[in-house]
Protein chains: 4
Amino acid sequence: MQVAEASTPSDPRIKRTRAALCSALLSLLEEQPFDQITIRDIAVRAEIGYATFFRNYASKAAVLHDLAADQIRRLIELAFPAIEGRNGRAAALALCTYVDEHRRLWTALLTGGAAGIVREEFIRQGARVKTMSSRRAWLPLELANIVGVSATVEILAWWLQRGLGLAVEEIARVLDQLVISPFVKPRG
Amino acid sequence: MQVAEASTPSDPRIKRTRAALCSALLSLLEEQPFDQITIRDIAVRAEIGYATFFRNYASKAAVLHDLAADQIRRLIELAFPAIEGRNGRAAALALCTYVDEHRRLWTALLTGGAAGIVREEFIRQGARVKTMSSRRAWLPLELANIVGVSATVEILAWWLQRGLGLAVEEIARVLDQLVISPFVKPRG
Amino acid sequence: MQVAEASTPSDPRIKRTRAALCSALLSLLEEQPFDQITIRDIAVRAEIGYATFFRNYASKAAVLHDLAADQIRRLIELAFPAIEGRNGRAAALALCTYVDEHRRLWTALLTGGAAGIVREEFIRQGARVKTMSSRRAWLPLELANIVGVSATVEILAWWLQRGLGLAVEEIARVLDQLVISPFVKPRG
Amino acid sequence: MQVAEASTPSDPRIKRTRAALCSALLSLLEEQPFDQITIRDIAVRAEIGYATFFRNYASKAAVLHDLAADQIRRLIELAFPAIEGRNGRAAALALCTYVDEHRRLWTALLTGGAAGIVREEFIRQGARVKTMSSRRAWLPLELANIVGVSATVEILAWWLQRGLGLAVEEIARVLDQLVISPFVKPRG
DNA sequence: CTCTAATCGAGACGGTACGTCGCGTCTTACG
DNA sequence: CGTAAGACGCGACGTACCGTCTCGATTAGAG
């Protein structure tokens, strides 16, 4: 396992291969849970050789990581402006709307075996969104981030697993009141 | 496969065997993460035949489930009186103290591959602890339970993973203020 | 690789499996050269699981070894009486006749990638046939054995590879005069 | 693949490359058995590109073939005068002395995975050494050649594998009496 | 007390996925 | 523009674990 996961490989073949692998995993995730997807499945779907998989990723979790990092980045970038503007409700709504529009994918990402890895990446990226609350000395920032992100993930997962019983606006309100407002904009 | 997962088997031998399996898993969990423990490992440690394992449990996850259910039951029973008495801080302290006294075990249960299953059981049992809050119409009880339990699990996991940097009282305060008080005793 | 190649495994399943593997290899050897036969081929032909192969043999060469040892034992037992009786010609004829009757098999054993392993086993078993010649002090017994066996193998291989151009009696005469008589019955 | 296996390529660069490859293989053969040497190893040692290998040889066996052909040619040319002069003992001694002076190389060539290919080339070139024996009608010339060469190879291999237990003169005597004299100089 | 029947340890087996290795082809980037 | 460097498709290898199964020894209950 000496995979060089350099973020920007010069060789276009490598870029192409990795993109194909991510795309293949994404495609498979919409059909079956992460645990049931084998590396061979991914390789076949991506139309690359089985061994080539390992030349690019150490495990299927690594592909998921790449994939999740990308999706989460988009999600955060989407919600960021509203958070900056201290409009928690708008941020929650934007976030939920985006998730709703990619229901299959996010269901796969937030439930089943993939959840752990996605949550981890979520926390990593969530750390970048600095909360403005500096008053709660008893609450370590890192822990606040973890709890906030976990709550978000749980809320979304719960929502996604329950089909379409709850409107986007409703879940966005829950998300805002339970997570975003308390953490991001505690003083209003 | 006709696994008799009856909660209370009449045959005392079966009880003994299951107890041995749970005990073996518990013992192994203190040495290595759940994912790396094989069914064979458990059988050897429990000094039962490999095939006999499958007569009692369908998978190692099932053993973990049994184990976790038991531990979680104890945990909740420990904190319950204080919760009933609306003393969130005392409940949090009791809970954290118990966890602290079984650090190795709870570290194994709340981090690593076991976390998912344990969290699930936690949520299931957490549902029994009825919250008194009837005011938040916008927040489904089930979701409140999930978020509350998840936050608890995350806080504990974060605490356990960080060795002994934080005193029991401190993490209990966090737990109380972030989770127990808001959910359990919203009005005091 | 902790294969216990005990010659007499108590478990009948192991016996059966090994027999099936030997038989499968034998069957495949009549169709294609040894090098082109994969372990999977053998497993499929023997109708055993792929992993089970490795529980019984460390490599396909080991199966070939077993197989060859058996065949060579038969061959030597066939020629032994005549050798004992100092009738080199009869020994040679018996040997060549037997080979001729299993042409396909012996062609596979003595030509192609299998030759090396078979020759080795041949030499090992050939050492049991004590030559009566005690006069040639300049020739180590071990070397005499090697040269004798190698010559036999080469003669048979040459014969087999040339289809049916040479009668059994003719090649038996060559074998007798070149190898058996000089080595086995030097004084007549 | 249009491998130019022309024996005498006009382009000097090709000559140089092939020489480098032969030399690299020769160098590697003194360190490890033929089977364990990979084409990549050879290319690296020869300091040529991996793909360039295939422009010059179809396989590593082809390189070995080239190499062996060269060495065997030297060996035969060394022994030829003495054979011509019907001095089998001198021929054997010359041969054994040369082999002894390049022990590592010939050990690699005559034992391990390389033996088969080397033997083959040995036989091919051995056919050039016409034996004078015309009396044995029952023995095809081709077969005589094969048996003679094989015996030679086996004797040398046996000698080389046994370290330095036997003096050059002793093994030369064996070689002469067992192979050269009977075949080359049947009438004296 | 004997003899059959059930039980349980031990572990062989079929199966599936893994991660590695080497080959031979083919693309890319560099001089 | 040609050559090194090396990514790639391919396919065999040997390993690990699962869940099923068969075997043999031990024991229990019936006669």
Side-chain angles (χ1 to χ4, degrees), chain A residues 1-4 9-18 20 35-44 46-60, chain B residues 1 3 11 13-14 17 35-44 46-60, chain C residues 1-4 9-18 20 35-44 46-60, chain D residues 1 3 13 17 35-44 46-55 57-61:
Chain A
M1 274 273 192
Q2 73 294 17
V3 178
S10 52
D11 198 323
R13 284 175 297 182
I14 297 179
K15 270 190 201 163
R16 206 182 317 138
T17 300
R18 294 197 183 169
D35 319 287
Q36 291 177 27
I37 299 173
T38 72
I39 291 181
R40 189 150 256 126
D41 290 337
I42 302 175
V44 167
E47 291 180 327
I48 65 150
Y50 176 66
T52 302
F53 178 95
F54 297 98
R55 294 186 183 110
N56 289 278
Y57 290 103
S59 66
K60 62 175 177 169
Chain B
M1 204 189 302
V3 178
D11 196 326
R13 285 174 306 176
I14 295 180
T17 301
D35 320 287
Q36 291 176 28
I37 299 172
T38 71
I39 291 183
R40 207 150 235 129
D41 291 337
I42 302 174
V44 168
E47 291 179 328
I48 65 151
Y50 177 62
T52 306
F53 178 94
F54 296 97
R55 286 182 216 277
N56 290 278
Y57 289 103
S59 66
K60 63 174 176 171
Chain C
M1 275 260 201
Q2 73 294 18
V3 178
S10 53
D11 198 324
R13 285 174 297 179
I14 297 180
K15 268 190 199 165
R16 206 183 319 137
T17 300
R18 293 197 183 170
D35 319 286
Q36 292 177 26
I37 299 172
T38 72
I39 291 181
R40 189 151 254 125
D41 289 338
I42 302 175
V44 167
E47 290 179 326
I48 64 149
Y50 177 66
T52 303
F53 178 94
F54 297 98
R55 295 186 184 111
N56 289 279
Y57 290 102
S59 65
K60 62 176 176 168
Chain D
M1 203 192 303
V3 178
R13 283 176 305 178
T17 301
D35 319 288
Q36 292 178 25
I37 299 172
T38 71
I39 291 182
R40 205 151 236 130
D41 290 338
I42 302 175
V44 168
E47 291 179 331
I48 64 154
Y50 176 62
T52 307
F53 178 94
F54 296 97
R55 285 183 215 278
Y57 290 103
S59 66
K60 64 174 175 169

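The shown structure was predicted, so the numbers you read here are calculated from the model rather than taken from an experiment. Note on naming: letters A, B, ... go to the chains in the order of the sequence lines (proteins, then strands), and numbering restarts at 1 for each one.
- Rounded to whole Å, the distance from CD on A/Gln36 to P on E/dA17 is 11 Å.
- Nucleotide F/dG11 holds its C1' atom 16 Å from the CG atom of C/Asp35, rounded to whole Å.
- By the salt bridge (charged side-chain N to carboxylate O under 4.0 Å, His left out) test, A/Arg13 pairs with A/Asp11, sequence neighbours left out.
- Looking at residues two or more places apart in sequence or on another chain, you find a side chain to side chain donor-acceptor pair (under 3.5 Å) between C/Thr38 and C/Asp41.
- In this view, D/Ala61 and D/Ser59, D/Ile117 satisfy the side chain to side chain contact (heavy atoms under 4.5 Å, CB included) rule, not counting sequence neighbours.
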Side chain to side chain contact (heavy atoms under 4.5 Å, CB included) evaluation trace for D/Tyr50 with D/Val44: CA-CA 8 Å; D/Tyr50 176 62; D/Val44 168; over 6 Å; no

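- Taking C/Arg16 as the reference, nothing meets the salt bridge (charged side-chain N to carboxylate O under 4.0 Å, His left out) condition, with sequence neighbours excluded.
- Rounded to an integer number of Å, the gap from A/Phe54 CZ to F/dG9 P is 13 Å.
- Taking atom NZ of D/Lys60 as the reference point, atom C1' of E/dG22 lies 9 Å away to the nearest angstrom.
- Straight-line distance from the CD1 atom of A/Ile42 to the P atom of E/dA17: 12 Å, rounded to whole Å.
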For nucleotides 9-15 of chain E, just jot down a letter per nucleotide in 5' to 3' order: B, S or -, based on protein non-hydrogen atoms under 4.0 Å. SBBBBBB

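- Side-chain polar atoms of D/Arg55 and D/Thr52 form no donor-acceptor pair below 3.5 angstrom.
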